[in-house]
Amino acid sequence: MLTVTIDGKITTVPAGSTILDAAKKLDVDIPTLCYLNLEDLRINNKGASCRICVVEVEGRRNLAPACATPASDNMVVKTNTLRVLNARKTVLELLLSDHPKDCLVCAKSGECELQNLAEKFGIRESPYDGGEMSHYRKDISTSIIRDMDKCIMCRRCETMCNDVQTCGVLSGVNRGFSAVVAPAFEMNLADTVCTNCGQCVAVCPVGALVEHDHTWEVVDALANPDKVVIVQTAPAVRSALGEDLGIAPGTSVTGKMAAALRRLGFDHVFDTDFAADLTIMEEGSEFLDRLTRHLNGDQTAKLPILTSCCPGWVKFFEHNFPDMLDVPSTAKSPQQMFGAIAKSYYAEILGIPREKLVVVSVMPCLAKKYECARPEFAVDGNPDVDIVISTRELARLIKRMNIDFAGLPDEDFDNPLGESTGAAPIFGVTGGVIEAALRTAYELATGETLQKLEFEDLRGMDGVKVATVQVGPHALRIGVAHGLGNARKLLERVRAGEAFHAIEVMACPGGCIGGGGQPYHHGDIELLKLRTKVLYDEDAGKPLRKSHQNPYIIELYEKFLGKPLSEKSHHLLHTHYFK
Ligand code: HC0
Ligand code: SF4
């Protein structure tokens, strides 16, 4: 262990720690911008480029960046000298000298780390103003808006896109004043292999990468008297929405969220969780069908089955594993199943044409904006899901409409598309979809009641989890990966011939709870753990915890679909993939 003194306080840290690690242990605040370290998820931005974290180290002439300077034994550090203060002020002034100061209309205003620091350090003007400014064309994809005029070259997005997601879309191009983070040849994101996962957005400290905001489209739909506007909310939204609305992290806001959506004016407030149960019926049945045929020697029955509900993951395997497009489940995601059922079954119940219905989704995810725009999820040009907003955007809408969220009562979702079992909320956590599928597959395959519903080996934050699960006579080898880099590793094992029966992949670290549209986590892994707990608690508290027990799902099959994998189910609830 190394003994380190910071601002007169003494602590010990293990060898390999940085000054910043030691300061954190002592609760000494050192400002950072380019720093991003989520140890449990093995995310580490080796930037040290912004220099806002400089400190004085006794015996050294130059100031040292705390995030990148290793601690040494008996090191004495000062973080609050006038020299440090002045250096940080200069760093900020230089950053602002090439930054559009349009905070009034910036999507990140109020949550911008640079804005917060400028405020904290009392920067009122920059002595370097008036020089040349970088200027780039805005790049607007369905999911993301890139405004590189605002980029501070912290490279956090690059680390996420390349090291964590292994998508290789964003990297530093050009040199000196022209240096910028961009796709190759400065192409538009929409023309690249970008998966729309939004992890670059989740970690951008400024307004250079933000979601494509669709809140005003929702307002327009709600204000249109000719439309019936319904909403569905993804499992992970309820685990984090409260964070942006003054409620303590780790608090489930399911009931308040339903109430707020009603106050916003939605005609019916439904739940993607209902469609998550439906997904389990279809995907679970497809799995059992493939497994049975495979065991009977049918070479066309491909195993492992791969979950297909995460649109970032779907685009990733379409780009990176085009030789394996017959391996993923053909089941649509819960979002798209909901849209397809809403605009057929539910439109029929209401007695209105599908064009009169507007389906809005609230998702923790930016790729869901891209997913709903995929042409195969439309009928004669009318999309199954019309508008997707993220958790952050819903929080903004609630604030904009002056709704006292904390003071709302807990309300229920509407039926028939609002009821769900405990298997549904855990979709939002890595490992949850496969756990939900196994609960149902076990009972359908064996005809016995599953005694222990929690598959502990499939839970937790390990990037890749592999477990063997006994289902009747079959020992099933199950894989789980979260984060696309981990998914790539697992899929390469499959491609190399390693045997699995089923694999779940979620594109974002932690699963949807860590999605690119969730309230910013600012590198706080504890926040992701709290969100995880909310969803597992919601599951544990439900009277029914297996998808096939959902009475409204049973009714949907009885009245409309027939049975899982029926012709109608195939037509409405299954899809195919493209190279
Ligand atoms: Fe997810 Fe989903 S669990 S992708 O992460 O499967 O976004 O929360 O809505 O569709 O249900 C996101 C979350 C969903 C879908 C569900 C799945
Ligand atoms: Fe890379 Fe994901 Fe950002 Fe696309 S959305 S640029 S894949 S991190």
Side-chain angles (χ1 to χ4, degrees), residues 139 141-144 146 156-171 181-183 187-190 192-204 209 211-212 232-241 271-280 283 307-316 319-320 329 331-339 361-372 385 388 390-391 420 423-430 432-434 436-437 482-485 504-518 531 535 547:
D139 172 11
S141 82
T142 351
S143 300
I144 294 169
R146 274 177 68 241
R156 279 157 53 161
C157 58
E158 224 183 303
T159 293
M160 287 308 282
C161 191
N162 298 340
D163 298 356
V164 180
Q165 301 297 62
T166 65
C167 292
V169 177
L170 296 175
S171 48
V181 175
M187 281 192 292
N188 289 331
L189 275 183
T192 70
V193 295
C194 169
T195 63
N196 302 290
C197 72
Q199 284 304 309
C200 50
V201 174
V203 298
C204 178
L209 288 157
E211 68 278 344
H212 188 157
Q232 58 166 326
T233 59
V237 175
R238 67 209 68 196
S239 72
L241 176 66
D271 198 0
T272 314
D273 282 23
F274 167 84
D277 278 337
L278 184 59
T279 303
I280 290 302
E283 200 171 77
T307 59
S308 55
C309 38
C310 166
W313 158 234
V314 166
K315 192 159 186 277
F316 183 81
H319 287 306
N320 295 284
S329 163
K332 288 182 188 173
S333 72
Q335 152 161 290
Q336 293 306 140
M337 283 200 186
F338 180 94
S361 302
V362 186
M363 294 281 142
C365 169
L366 300 188
K368 290 280 171 197
K369 292 173 182 273
Y370 148 83
E371 182 184 50
C372 83
V385 172
V388 174
S390 64
T391 311
S420 62
I426 60 173
F427 264 58
V429 182
T430 169
V433 175
I434 209 80
H482 60 118
L484 291 170
E504 176 203 293
V505 176
M506 287 292 168
C508 293
C512 297
I513 50 123
Q518 291 281 67
R531 293 175 187 172
L535 297 185
S547 298

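The figures here come from the full heavy-atom set of this structure, side chains too, leaving out hydrogens, waters and symmetry mates. Every number for a ligand or one of its atoms is a count from 1 in the order of the listing.
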Nearest protein heavy atom to [atom], by residue and atom, and its distance?
| atom | value |
| --- | --- |
| atom 3 (S) of ligand 1 | Phe427 O, 3.3 Å |
| atom 3 (Fe) of ligand 2 | Cys200 SG, 2.2 Å |
| atom 4 (Fe) of ligand 2 | Cys194 SG, 2.4 Å |
| atom 12 (C) of ligand 1 | Cys512 SG, 3.1 Å |
| atom 5 (S) of ligand 2 | Gly198 N, 3.1 Å |
| atom 8 (O) of ligand 1 | Ala236 N, 2.9 Å |

How does [X] reach ligand 2, by side chain, by backbone, by both or by neither, if only non-hydrogen atoms under 4.0 Å count?
| X | answer |
| --- | --- |
| Cys197 | both |
| Val193 | neither |
| Thr195 | both |

Can you tell me if [X] and [Y] form a side-chain donor-acceptor pair at under 3.5 Å?
| X | Y | value |
| --- | --- | --- |
| Ser361 | Gln232 | yes |
| Asp277 | Ser420 | no |
| Ser333 | Glu371 | yes |

Proximal atoms of ligand 2 relative to Leu170 (non-hydrogen, under 4.0 Å):
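In order of numbering, the contacting atoms are 6 (S).
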
Looking at Ile144, which atoms of ligand 2 are within less than 4.0 Å of one of its heavy atoms?
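It comes down to these atoms of ligand 2: 5 (S).
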
Mind listing the closest non-hydrogen atom pair of [X] and [Y] along with its distance?
| X | Y | answer |
| --- | --- | --- |
| Ile513 | Ser239 | CG2-OG, 3.7 Å |
| Gln518 | Gly514 | CG-C, 4.5 Å |
| Gly510 | His482 | N-ND1, 2.6 Å |
| Cys157 | Cys200 | CB-CB, 3.6 Å |
| Glu158 | Leu170 | CG-O, 3.1 Å |
| Met337 | Ala331 | CE-CB, 3.9 Å |

Nearest heavy atom to atom 7 (O) of ligand 1: which of Ala331, Ala234, Gly312, Pro364 does it belong to?
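Looking at heavy atoms only, the winner is Pro364.
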
Given Cys508, Ala202, Cys157, Cys161, which has its nearest heavy atom closest to atom 1 (Fe) of ligand 2?
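Ranked by closest heavy atom to atom 1 (Fe) of ligand 2, first place is Cys161.
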
Side chain or backbone of Lys368 under 4.0 Å from ligand 1, or both, or neither, by non-hydrogen atoms?
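Side chain only.
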
Ligand 1 contact on Gln335 by region, counting heavy-atom pairs under 4.0 Å:
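For Gln335, backbone and side-chain atoms both sit under 4.0 Å from ligand 1.
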
Residue among Thr391, Val362, Asp273 satisfying side-chain contact (heavy atoms from CB on, under 4.5 Å) with Arg238:
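Checked Thr391, Val362, Asp273 against Arg238; only one passes side-chain contact (heavy atoms from CB on, under 4.5 Å): Asp273.
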
[X] vs [Y] side-chain heavy atoms within contact, under 4.5 Å:
| X | Y | answer |
| --- | --- | --- |
| Cys310 | Val505 | no |
| Cys512 | Phe427 | no |
| Cys309 | Met506 | yes |

At the 4.0 Å heavy-atom cut-off, does Gly511 count as touching ligand 1?
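Contact absent.
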
Using a strict 4.0 Å cut-off to heavy atoms of [X], name the atoms of ligand 1 that fall inside it.
| X | answer |
| --- | --- |
| Ala276 | 11 (O) |
| Cys365 | 7 (O) |
| Met363 | 7 (O), 9 (O) |
| Pro334 | 6 (O), 10 (O), 11 (O), 15 (C), 16 (C), 17 (C) |

Counting backbone and side-chain atoms alike, is an N, O or S atom of Cys167 positioned under 2.8 Å from atom 3 (Fe) of ligand 2?
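Cys167 does not place any N, O or S atom closer than 2.8 Å to atom 3 (Fe) of ligand 2.
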
